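Below is one structure, written out as structure tokens; comments come after it.
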Protein chains: 2
Amino acid sequence: MAQAAQTGQCADCPIRHRAVCSKCDADELRELEAIKYYRTFEAGQAVIWAGDDMGFVASVVSGVATLTQTMEDGRRQMVGLLLPSDFIGRPGRTRAAYDVTATTQVILCCFRRKPFEALMVDTPHIGQRLLEMTLDELDVAREWMLLLGRKTAREKIATLLAIFLRRGGGIPGPSLTSREFDLPLTREAMSDYLGLTLETVSRQMSALRKAGVIELVGSRHVRIPDIARLMEETGDDSDGGMLV
Amino acid sequence: MAQAAQTGQCADCPIRHRAVCSKCDADELRELEAIKYYRTFEAGQAVIWAGDDMGFVASVVSGVATLTQTMEDGRRQMVGLLLPSDFIGRPGRTRAAYDVTATTQVILCCFRRKPFEALMVDTPHIGQRLLEMTLDELDVAREWMLLLGRKTAREKIATLLAIFLRRGGGIPGPSLTSREFDLPLTREAMSDYLGLTLETVSRQMSALRKAGVIELVGSRHVRIPDIARLMEETGDDSDGGMLV
DNA sequence: TGTGCGATTTGATCCGGATCAAAGTCCCAA
DNA sequence: TTGGGACTTTGATCCGGATCAAATCGCACA
């Protein structure tokens, strides 16, 4: 959205700018235009369940959705956090592999699968853009694996807050050292993200509050008085994550 | 390798068949041929370190290598297991993001980056193939996240053994219910894969041995007397993993 | 045939996060 | 304005896996 605003183009649908057409070439956009439609989901609503037929691919226009995997006995792990401009679905796959759930109101820009795939064949740079995005997602997944496998509960929470900070707004400059925002996830969804229980998430949020790393207004609004201080808690190399 | 043998083509270099050229079209292969070269690494040898300049992309011809991430204090997490036909490197990235290490003798089929990227522009189906492979890797990463976040130590070990079983040989048919193989990883590398300590890996291997789920010949050779029994231990839906 | 060293196993103990339980808070609807 | 329900916090206790420590195995090499 921020980028769209900067270029003055494609204000209503990020996929034009970021997901498919990095140059906004007119001809290809006309094709995409013809097969796109919008859908809105309310907070808590399921977009699709794993195993369901999925006749579309989509780009998140606004709001937050999650990708989760569930084991037979109910253990759950989030495997994707979908923020505006993120892509949902995969060409060539007709059944959803994961549960997709809106955690806030979400607007999706959908493309029917078949025409989208046909368009990809004719338009190499849609495929190129999708490759770039998928490689970025793979990097995200690998950072996430380090978090799940090796970080402590406290580091996990700090890292998640840093991720919201990074993805929610611009990159903080030297003059901007504090930030505040609303958490788009419940404590339970945070626990699904981090591989913890919701009680541990709550306890560690309290611990970070008591340590002065964060301030809480209600349970969902967070203020970070000192971003550098938060980054120290993540276990990551100093501001490595913020520089990418 | 198995597939290459089946088609009777591309016996020496899997990238021809699986990584880049799913059809083995002659013209494109000639181009690839011109920029490819082989490198061999011994067990334990580093292929490249995170942050190093990386002038090539490559396909694993034989052997096993790993992708690992390390935190400042030494905590380590494996984020990729590279088996024959897997691809290393990413177009457009000049510095390695992860440590790559050979865990057995490894032969790589390398392509110098620049010519490879140039070739990708002219040859859409190389890009398409790479997109498919990257999407598959993303699915692997997401399964791995579920393992790291939610599985018990015993389930983790059983899952890893099942992964070796699946990727090491063909898909077991109804008549083939047992299998044996050499572990390509040390206990320590297994612990880096699973987000455990090496002591826990060793203990759980012993536990599975005592329970009759596996048999050990020395510490590295494993026999699985009953694959279905092993699958029960993984925590996954019954044989879901074997059917893909 | 030792000898030394890395890899592995096993034992004892500790601790971080899970589990079980009970309040507390907030918000919406009647 | 109050009652109910979802979400969150906090407390008490437990337990799986980490940590610290010490054998044991296996093998290349003198």
Side-chain angles (χ1 to χ4, degrees), chain A residues 42-45 66 71 73-77 101-104 147-161 182-211 214-222 233 235, chain B residues 42-45 71 73-77 101 103-104 147-161 182-211 214-222 233 235:
Chain A
E42 298 308 317
Q45 203 183 341
T66 64
M71 294 171 69
D73 61 6
R75 280 176 283 174
R76 255 196 328 198
Q77 178 63 51
T101 312
T103 65
T104 65
L147 174 146
L148 289 171
R150 295 302 187 192
K151 288 191 176 181
T152 64
R154 182 166 173 136
E155 288 170 340
K156 286 178 175 183
I157 298 285
T159 304
L160 181 55
L161 293 173
D182 285 314
L183 291 169
L185 301 182
T186 63
R187 296 290 184 268
E188 187 178 25
M190 289 172 69
S191 76
D192 288 339
Y193 187 114
L194 300 170
L196 298 170
T197 59
L198 69 89
E199 293 94 329
T200 297
V201 170
S202 180
R203 268 186 254 276
Q204 295 298 333
M205 289 287 285
S206 297
L208 288 175
R209 178 171 52 71
K210 282 169 191 153
I214 63 176
E215 290 162 26
L216 286 170
V217 181
S219 64
R220 301 291 280 272
H221 190 85
V222 181
E233 297 281 351
Chain B
E42 297 309 316
Q45 201 182 344
M71 294 171 70
D73 63 4
R75 280 176 282 173
R76 254 194 330 194
Q77 177 62 52
T101 312
T103 65
T104 66
L147 174 146
L148 290 171
R150 296 302 187 192
K151 288 191 176 180
T152 63
R154 184 166 172 137
E155 287 170 341
K156 286 178 174 184
I157 298 285
T159 304
L160 181 56
L161 293 173
D182 284 315
L183 291 169
L185 301 182
T186 63
R187 296 289 185 266
E188 186 178 25
M190 290 172 70
S191 75
D192 288 340
Y193 187 113
L194 300 170
L196 298 170
T197 59
L198 69 90
E199 293 95 329
T200 297
V201 170
S202 180
R203 268 185 254 274
Q204 294 298 332
M205 290 285 286
S206 298
L208 288 175
R209 177 173 51 72
K210 281 168 193 155
I214 63 176
E215 291 162 25
L216 286 169
V217 181
S219 63
R220 301 290 282 270
H221 189 86
V222 181
E233 297 281 351

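Letters A, B, ... are given to chains in the order of the sequence lines, protein chains preceding strands, and every chain is numbered from 1. Keep in mind that what you see is a predicted model, and the values were worked out from it rather than measured.
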Does [X] reach the side chain of [Y], with side-chain heavy atoms less than 4.5 Å apart?
{"X": "A:T200", "Y": "A:I157", "result": "no"}
{"X": "A:Q204", "Y": "A:L194", "result": "no"}
{"X": "B:R220", "Y": "B:T186", "result": "yes"}

Could you write out each protein N or O paired with an N or O of nucleotides 23-29 of chain D at a distance under 3.5 Å?
none

DNA chain C: 5'-most and 3'-most nucleotides touching chain B, 4.0 angstrom heavy-atom criterion |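 Under 4.0 Å from chain B, the extent on DNA chain C is C:dT8 to C:dA12.
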For DNA chain C, determine which residues of residues 186-196 of chain B have any heavy atom closer than 4.0 angstrom to one of its atoms, and list them numerically.
->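 By residue number: B:T186, B:R187.
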Can you list, by residue number, the residues of residues 197-204 of chain A that have a non-hydrogen atom closer than 4.0 angstrom to DNA chain D?
->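 Correct list: A:L198, A:E199, A:S202, A:R203.
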Looking at CG of A:L216 and CG of A:L208, how far apart are the two atoms once the value is rounded to the nearest 0.5 Å?
->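 The CG atom of A:L216 sits 9.0 Å away from the CG atom of A:L208.
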Side chain of [X], backbone of [Y]: donor and acceptor closer than 3.5 Å?
{"X": "B:E215", "Y": "B:R209", "answer": "no"}
{"X": "B:Q45", "Y": "B:T101", "answer": "no"}
{"X": "A:R150", "Y": "B:R76", "answer": "yes"}

Roughly how bent is the helix from C:dT1-D:dA30 to C:dA30-D:dT1 end to end, in steps of 10 degrees, with each end axis from five pairs?
->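 What I find for the helix from C:dT1-D:dA30 to C:dA30-D:dT1 is an axis angle of 30°.
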With sequence neighbours excluded, tell me which residues meet salt bridge (charged side-chain N to carboxylate O under 4.0 Å, His left out) with A:R75.
->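 Applying salt bridge (charged side-chain N to carboxylate O under 4.0 Å, His left out) to A:R75 gives A:D73, B:E155.
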